[in-house]
Asks: 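Structure provided below as structure tokens; questions to follow.
Residues take their numbers from the sequence shown, with the count starting at 1. Atom set for the values below is all heavy atoms of this structure, side chains included, hydrogens, waters and symmetry mates excluded.
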Amino acid sequence: MPLERTSAFYQENAETYANRARSLPKQRLDAFLAGLAPGAAILELGCGGGQDSAYMLSQGFDVTPTDGSAELARQAEALIGRPVRVMLFQELDADSVFDGVWAQASLLHVPRPELPDVFARIRRALRTGGIIHATFKAGDAEGHDGFGRYYNYPSAEWLSELLTKGGWRNIAISESESDGGGYDGKPTRWLIVGAQR
């Protein structure tokens, strides 16, 4: 199972991972929050150490942080001082509850065959007009990194087709190069995805 190694990585390295030097994606966060009404309800999928949730809470938004790793959720709880729900993306079962979904570098671990269902669950969890922000490591074929973590490595075209078929509107996918700011320190080509229910 590809995800067992991924889960094991976050379980074993939760404290190091949560407390690593990581620059907040402030520009992306601000752009995402600008598309929402003040105090809007936001679901964060894969909150990691909780830094993004902490920022959104500080801006007055109603944030529900979640993570698939109980160990990482504990780290995030210590930072933000509120409960973090331990949940896999495949377990999301909400209907028209959120105005926005923030999934920074998290959905990239979903096995390709399961992505359509996960995006359908996210779409259902959003209110009409609600928005999603997600980032993926770009590629052409799924695979693993040096830590054994699974990645779906999609192309912009592949993702665009998937979202269009899923009924999403106003789909915007842009590319960005990073100089190796990820946990593995390697240069990465990122896809930044925005879409609306």
Side-chain angles (χ1 to χ4, degrees), residues 1-4 6-7 9-11 14 18 25 28-29 32-33 35-37 39-57 61-77 80 82-137 142 149-152 154 158-171 173 191-197:
M1 274 295 286
L3 292 187
E4 282 171 11
T6 307
S7 299
F9 168 83
Y10 290 110
Q11 187 176 328
R28 286 186 202 148
L29 274 163
F32 170 72
L33 297 176
L36 296 167
I42 298 169
L43 171 66
E44 182 172 12
L45 293 173
C47 71
Q51 295 90 346
D52 295 5
S53 275
Y55 179 76
M56 292 188 280
L57 286 163
F61 289 89
D62 174 16
V63 184
T64 301
T66 68
D67 202 277
S69 160
E71 290 78 8
L72 270 179
R74 275 199 294 277
Q75 296 291 326
E77 284 176 353
I80 62 180
R82 61 168 59 197
V84 172
R85 184 173 167 203
V86 178
M87 177 193 83
L88 298 175
F89 311 126
Q90 294 86 341
E91 296 169 337
L92 176 60
D93 188 22
D95 196 346
S96 304
V97 177
F98 301 101
D99 303 298
V101 169
W102 178 260
Q104 175 79 7
S106 59
L107 298 177
L108 39 64
H109 292 311
V110 177
R112 280 191 180 207
E114 295 176 31
L115 260 181
D117 174 62
V118 168
F119 269 114
R121 288 171 179 273
I122 292 169
R123 192 169 172 272
R124 191 168 64 244
L126 283 167
R127 297 188 175 110
T128 303
I131 57 173
I132 181 173
H133 161 90
T135 56
F136 292 84
K137 291 189 177 188
E142 54 195 334
R149 295 180 295 177
Y150 168 89
Y151 286 92
N152 45 37
W158 189 88
L159 266 181
S160 179
E161 192 179 324
L162 180 102
L163 292 167
T164 303
K165 277 186 187 159
W168 292 86
R169 300 180 299 122
N170 299 327
I171 299 161
I173 301 176
L191 297 176
I192 298 110
V193 180
Q196 188 172 34
R197 172 173 176 175

Asks: Taking all non-hydrogen atoms of both residues, which atom of S53 and which atom of V63 are closest, and how far apart?
Replies: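 Looking at all heavy atoms of both residues, the shortest contact is OG-CG1, 3.4 Å.
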
Asks: To the nearest 0.5 Å, tell me how far L43 CG sits from F98 CZ.
Replies: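 Going from the CG atom of L43 to the CZ atom of F98 covers 4.5 Å.
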
Asks: Under a 4.5 Å cut-off applied to non-hydrogen side-chain atoms, are I171 and L159 in contact?
Replies: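 No, side chains not in contact.
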
Asks: Say you draw a straight line from CZ of R85 to SG of C47; how long is it, rounded to the nearest 0.5 Å?
Replies: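 Interatomic distance, R85 CZ to C47 SG, rounded to 0.5 Å: 12.5 Å.
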
Asks: side-chain hydrogen bond (donor to acceptor under 3.5 Å, both in side chains) with E142: which residues, sequence neighbours excluded?
Replies: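 Listed in chain order: Y150.
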
Asks: Between V84 and A73, which heavy-atom pair has the shortest distance, and what is it?
Replies: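 It is CG1-CB, 3.7 Å.
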
Asks: Considering only heavy atoms from C-beta outward, does the side chain of I122 approach that of F89 to under 4.5 Å?
Replies: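 Answer no - side chains too far apart.
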
Asks: What I'd like to find out is whether the side chain of V118 reaches to under 4.5 Å of the side chain of L45, using heavy atoms alone.
Replies: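 Not touching, per the 4.5 Å side-chain cut-off.
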
Asks: Mind checking whether Q90 and P111 have side chains closer than 4.5 Å, heavy atoms only?
Replies: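 Yes, their side chains come closer than 4.5 Å.
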
Asks: Please list, chain by chain and in numerical order, all residues satisfying side-chain hydrogen bond (donor to acceptor under 3.5 Å, both in side chains) with R127, sequence neighbours excluded.
Replies: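 Scan of R127 (side-chain hydrogen bond (donor to acceptor under 3.5 Å, both in side chains), adjacent residues dropped) gives D99.
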
Asks: With side chains defined as the heavy atoms from C-beta onward, is the minimum distance between R28 and W102 less than 4.5 Å?
Replies: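 Answer yes - side chains close enough.
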
Asks: Out of D67, T66, T64, D93, which one pairs with M87 under the side chain to side chain contact (heavy atoms under 4.5 Å, CB included) rule?
Replies: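 Answer after filtering D67, T66, T64, D93: T66.
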
Asks: Once rounded to the nearest 0.5 Å, what's the spacing between atom CZ of R123 and atom CD of Q196?
Replies: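 One gets 10.5 Å once the value is rounded to the nearest 0.5 Å.
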
Asks: Between W168 and A195, which heavy-atom pair has the shortest distance, and what is it?
Replies: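 Of all heavy-atom pairs spanning W168 and A195, the closest is CE3-CB, 3.7 Å.
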
Asks: Rounded to the nearest 0.5 Å, what separation is found between the CZ atom of R74 and the CD atom of E71?
Replies: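 Rounded to the nearest 0.5 Å, the CZ-CD separation comes out at 5.0 Å.
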
Asks: Does the side chain of Q104 come within less than 4.5 Å of P25's, by heavy atoms?
Replies: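 Yes, side chains in contact.
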
Asks: Should W158 and L115 be marked as a side-chain contact (heavy atoms from CB on, under 4.5 Å) after you check the CA-CA gap, both sets of side-chain angles, and the distance that decides it?
Replies: CA-CA 11 Å; W158 189 88; L115 260 181; 3.7 Å; yes

Asks: Using a 4.5 Å cut-off on heavy atoms from C-beta on, say whether the side chain of R197 contacts that of S96.
Replies: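 Answer yes - side chains close enough.
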
Asks: Check whether any side-chain N or O of N152 sits under 3.5 Å from a backbone N or O of V110 as a donor-acceptor pair, and report yes or no.
Replies: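 Flag set: sc N152 to bb V110 pair under 3.5 Å.
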
Asks: Could you tell me the separation between the CG atom of L72 and the CD atom of Q11, rounded to the nearest 0.5 Å?
Replies: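 Between L72 CG and Q11 CD, I get 10.0 Å after rounding to 0.5 Å.
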
Asks: So which atom in L92 and which in R124 form the shortest heavy-atom distance, rounded to 0.1 Å?
Replies: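 Answer, listing the atom of L92 first, then R124: O-NH2, 4.4 Å.
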
Asks: From H109 NE2 over to L88 CG, what is the distance, rounded to the nearest 0.5 angstrom?
Replies: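 It is 12.0 Å, given to the nearest 0.5 Å.
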
Asks: Looking at A76 and G48, what are the two nearest heavy atoms and their distance?
Replies: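 Here A76 and G48 meet closest at CB-O, 3.4 Å.
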
Asks: Look at atom CD of E161 and say whether more than 12 heavy atoms of other residues, nucleotides or ligands are closer to it than 6.0 Å.
Replies: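 Open.
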
Asks: Tell me, yes or no, whether the heavy-atom count around R169 atom CZ, taken from other residues, nucleotides or ligands under 6.0 Å, exceeds 12.
Replies: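 Above 12, so yes.
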
Asks: Which heavy atom of F32 sits nearest to which heavy atom of I132, and what is that distance?
Replies: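 Distance-wise, the nearest heavy atoms are CE1-C, 4.5 Å.
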
Asks: Should the heavy atoms of other residues, nucleotides or ligands under 6.0 Å from CZ of R112 be counted, would the total exceed 12?
Replies: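 Correct, the count exceeds 12.
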
